[in-house]
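Have a look at the structure below before the remarks.
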Amino acid sequence: MSTQSGQLVSNSRSEEEIRRKRRKRKRVVVVLEVSIMAIIANRYQRRRSRHIVDPEEALERNVEGRKQMLRNLYQGSNRYCYDSLRLTKRSFGDLCDILRKSSRGFVPWNDEMDKVLLDAFAAYFNKGDRCQNGWKPHVYSAAVKNVREKCNVNITKCNIDSRSKTSDKHYHVISGLLSTSGFGWDWDKNKLKVDSDSV
């Protein structure tokens, strides 16, 4: 019986030792997990931006920085220009002139220009010169020529294409309004009219 009790005591001690070792391992694992989480949180705090930046403001700063860099190149020495762009100052000046001439300029449109453009488009539409995706190239050429002659304005195909897209947007807005109840079209004044007081 004494050997059995000795074995029970030794078994209970070994079980207690095993439990102690398991608790110790659990504590080590918990400490390890906590320290890993602390390291991750610390790195996240370092990478996170300190203040919120408006995207438009960041873009504006970026554009201003580029403009300043180009000003420095244009006003700087020939050596600085060549080191930065691998262009001589004269070549850079020529490049700037080309870009200024080829850039699409803003053209303010008025009612007379719209009327001339729409008359040209209507004439070619009646002839059947419209493709599935837009106008044929000679229609754009004729429209540019027509608006230049009658309105004395220097425009390009890009300006006419842009105006066509704007007109399409306006058409979709107006047709959407006309399809809802309470809106109508005044054929005498060529304007939208509101039929209902509830609108």
Hey, are the side chains of [X] and [Y] touching, using non-hydrogen atoms and a 4.5 Å cut-off?
X      : Y      : value
Asn190 : Trp185 : yes
Val144 : Thr156 : no
Trp109 : Leu117 : yes
Met113 : Val153 : yes
Ile18  : Arg22  : yes
Leu192 : Leu178 : yes

Please assess Phe121 against Ile160 for the test side chain to side chain contact (heavy atoms under 4.5 Å, CB included), listing each intermediate value before the final yes or no. CA-CA 11 Å; Phe121 280 158; Ile160 287 184; 3.7 Å; yes
Is there a path of hydrophobic side-chain contacts, each under 4.5 Å between heavy atoms of I, L, V, M, F, W or Y residues, that connects [X] with [Y]?
X      : Y      : value
Phe125 : Tyr171 : no
Val139 : Leu118 : no
Leu177 : Val194 : yes

Taking all non-hydrogen atoms of both residues, which atom of Lys150 and which atom of Glu112 are closest, and how far apart?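 Looking at all heavy atoms of both residues, the shortest contact is O-OE2, 3.7 Å.
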For the rings on Tyr124 and Trp135, is their centre-to-centre separation under 6.0 Å?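 That pair fails the under 6.0 Å test.
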Does the Arg163 side chain pair with the main chain of Asp114, one donor and one acceptor, at a distance under 3.5 Å?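 No; judged by distance alone, with no hydrogens or angles, the pair does not exist.
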Does Asn126 use its side chain to pair, donor to acceptor, with the backbone of Ala122 at less than 3.5 Å?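 Here the side-chain-to-backbone pair exists.
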About how many Å separate [atom2] of [Y] and [atom1] of [X], when rounded to the nearest 0.5 Å?
X      : Y      : atom1 : atom2 : value
Ile155 : Arg148 : CD1   : CZ    : 7.0 Å
Lys191 : Asp186 : NZ    : CG    : 9.0 Å
Asn146 : Ser141 : CG    : OG    : 12.0 Å
Lys157 : Ser164 : NZ    : OG    : 9.0 Å

Between Lys115 and Asp119, does any NZ, NE, NH1 or NH2 come within less than 4.0 Å of an OD or OE carboxylate oxygen?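 Yes, this pair counts.
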Take a 6.0 Å sphere around CG of Asp168 and say whether it holds more than 12 heavy atoms from other residues, nucleotides or ligands.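 Correct, the count exceeds 12.
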